[in-house]
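Every chain is numbered from 1, with letters handed out A, B, ... down the list of sequences.
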Amino acid sequence: MDAKRSSIPDRLLAWYDRHRRDLPWRAKPGEVPDAYRVWLSEVMLQQTTVAAVTPRFEAWVARWPDFASLAGADEADVMAAWAGLGYYARARNLVKAARAVVAEHGGAFPRTEAGLRTLPGLGAYTAAAVAAIAFGERAVVVDANVERVVARLFAITTPLPAARPAIRAAAETITPDARAGDFAQGMMDLGSGVCTVRAPKCLLCPLREACDAFASGAPERLPVKAAKKAKPQRHGTIFWLEREGCVLLVRRPDRGLLGGMRALPTGPWVEVPPGLAEAPAETDWTVLNGTVAHGFTHFDLELALARGMAEVEPSVAGEWWPIDAIGTAGLPTVFAKAAERLRTGR
DNA sequence: TACACGTGGGA
DNA sequence: TTCCCAAGTGT
């Protein structure tokens, strides 16, 4: 490795010592990291911004401060606590992993990348990040920030995701044996605040002199990404069934979209508006004017809203939830949005 | 490998 | 408004 590359770890660590972000899950210099908090934060931060995670992290650790408390939690409470954060498999896997730690590891988190990797919800990134940050293991931590920084440092022009092996190999060559956790967090802070997607602040970058993309004059062109596919449009109907000041909520199947979450009953989500298909009860439905639009990762959804009074027993299993407490039900955003419209009938 | 899987914020 | 994107994982 040439001299400009060999200086990267020291330069990055020195920059981190001066500019590290103070985050609620991050141990202060000299403190011993709390593995539970490190793990929880890493899972919450998957595809989710620091701004969105911060208040949710604080509320979560106040309620479930360690593996034992989370392992003993009611799964429905956990899912409701996760509502609005998205990617709900993360919450299901948090409970599974906490229970595995208590039942199979004697309450102690595995301390190696390989051991962590066996737990549900800990993939290549999170296992490496926890091993490095919580336990000081030298692990090669590659998230979207690191991908961007490394693609630029080494001027890797292969489009993502095909570039992943080359990026990992390059990251391997600059990962130090000591302070691997600080190095990982430093790379992420650098990617987040300096080596940004648009308009990178190269004049503030400690690695500028080692960066081939900076030398090229157009670092923002890297990394190259593959073109994305168009999102299909789907249509559906949400049903608001009332009885004595309550509304019928169902629990979605454990697998699949919004799995395990409390929800309003819906019909199918399909190419053509399905009308009142699969309504949860026979009644005189009123279809509201207007629709609710919601974008998921891989399709856009337009929902018609139907209101009705329960005159007979519903045809689906569910729970009657007080309408004036609908905010405590832990509904995913798409249903919270619809509920706000339906509650008032507008 | 490719796709399913959420959401809110910035430009 | 629309598009892009964020500390990815599981199948």
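The nearest whole Å value for the distance from the CZ atom in A:Arg90 to the C1' atom in C:dA6 is 10 Å. The distance from atom NE2 of A:His294 to atom C1' of B:dG6 is 6 Å, rounded to the nearest whole Å. In this entry the distance linking NE2 of A:His298 with P of B:dC5 reads 4 Å, nearest Å. Nucleotide B:dT7 holds its P atom 18 Å from the CG atom of A:Leu45, rounded to whole Å. Atoms CZ (A:Arg255) and P (C:dG10) sit 12 Å apart, rounded to a whole Å. Residue A:Gln185 contributes atom CD, which lies 13 Å from atom P of C:dA7 at whole-angstrom precision. Atom C1' of nucleotide B:dA4 and atom CD of A:Gln47 are separated by 13 Å, given to the nearest angstrom. Whole-Å rounding puts the A:Leu94 CG to C:dA7 C1' distance at 14 Å.
Side-chain atoms of A:Tyr125 and base atoms of C:dG8 include no donor and acceptor less than 3.5 Å apart. Contact of A:Thr126 with C:dG8 (side chain to base): no donor-acceptor pair of N or O atoms is detected under 3.5 Å. Residue A:Thr48 places a side-chain atom within donor-acceptor reach of the base of B:dG6, judged by atom type and a 3.5 Å distance cut-off alone.
Side-chain N or O atoms of A:Arg26 include one that pairs as donor or acceptor with a backbone N or O of A:Arg21 at under 3.5 Å. Remark: the backbone N or O of A:Lys4 is paired with a side-chain donor or acceptor of A:Ser7 at under 3.5 angstrom.
Counting non-hydrogen atoms under 4.0 angstrom, A:Ala144 reaches the backbone sugars and phosphates but no base. Here A:Trp25 lies in heavy-atom contact (under 4.0 Å) with a base. Among the protein residues, A:Arg21 comes within range of the nucleic acid bases, having at least one heavy atom under 4.0 Å from a base atom. Among the protein residues, A:Gly256 comes within range of the sugar-phosphate backbone only, with heavy atoms under 4.0 Å from sugar or phosphate atoms but none that close to a base. Using a 4.0 Å heavy-atom cutoff across all strands shown, A:Ala124 reaches sugar-phosphate atoms only and no base atom. In this structure, A:Pro161 reaches neither bases nor backbone, as no heavy-atom distance under 4.0 Å exists between it and the strands shown. Within the nucleic acid shown, A:Gly84 comes within 4.0 Å of sugar-phosphate atoms alone, with no base atom in reach, counting heavy atoms only. Counting any heavy atom pair closer than 4.0 Å across all strands shown, A:Arg56 reaches no nucleic acid atom. A:Leu85 comes within 4.0 angstrom of a base, heavy atoms only. A:Ile133 comes within 4.0 angstrom of nothing in the nucleic acid, heavy atoms only.
For the P atom pair drawn from C:dA7 and B:dC5, the interatomic distance equals 23 Å after rounding to whole Å. Going from the P atom of B:dG8 to that of C:dT9 covers 22 Å, rounded to whole Å.
Using a 4.0 Å cut-off, some side-chain N or O of A:Tyr88 falls inside it from OP1 or OP2 of B:dT7. For B:dG8, the OP1/OP2 oxygens have a side-chain nitrogen or oxygen of A:Thr333 closer than 4.0 Å. The phosphate of C:dC5 has OP1 or OP2 within less than 4.0 Å of a side-chain N or O from A:Lys228. Between A:Lys229 and B:dC3, a side-chain N or O to OP1/OP2 separation shorter than 4.0 Å is present. The side chain of A:Arg198 contributes no N or O atom lying less than 4.0 Å from OP1 or OP2 of C:dC5. Residue A:Gln46 has no polar side-chain atom (N or O) positioned under 4.0 Å from OP1 or OP2 of C:dA7. Distances shown here put every side-chain N or O of A:Thr49 at or beyond 4.0 Å from the OP1 or OP2 atom of C:dC5.
The side-chain contact (heavy atoms from CB on, under 4.5 Å) test with A:Leu94 singles out one residue from A:Leu119, A:Val43, A:Val78, and that residue is A:Val43.
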Passes side-chain hydrogen bond (donor to acceptor under 3.5 Å, both in side chains), A:Lys231 versus A:His298? Steps please.
CA-CA 6 Å; A:Lys231 284 204 268 190; A:His298 53 297; over 6 Å; no
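Of the residues near DNA chain C, A:Arg117 and A:Val197, the one whose nearest nucleotide (by heavy atom distance) lies more toward the 5' end is A:Val197.
Of all heavy-atom pairs spanning A:Asp300 and A:Gly295, the tightest one is OD1-CA, 3.4 Å.
Side-chain polar atoms of A:Glu42 and A:Thr126 form no donor-acceptor pair below 3.5 angstrom.
Nearest nucleotide to the A:Lys225 side chain, out of B:dC5, C:dG8, C:dC5: C:dC5.
With a 6.0 Å radius and a threshold of 12 heavy atoms from other residues, nucleotides or ligands, A:Glu271 has its CD atom at or below the threshold.
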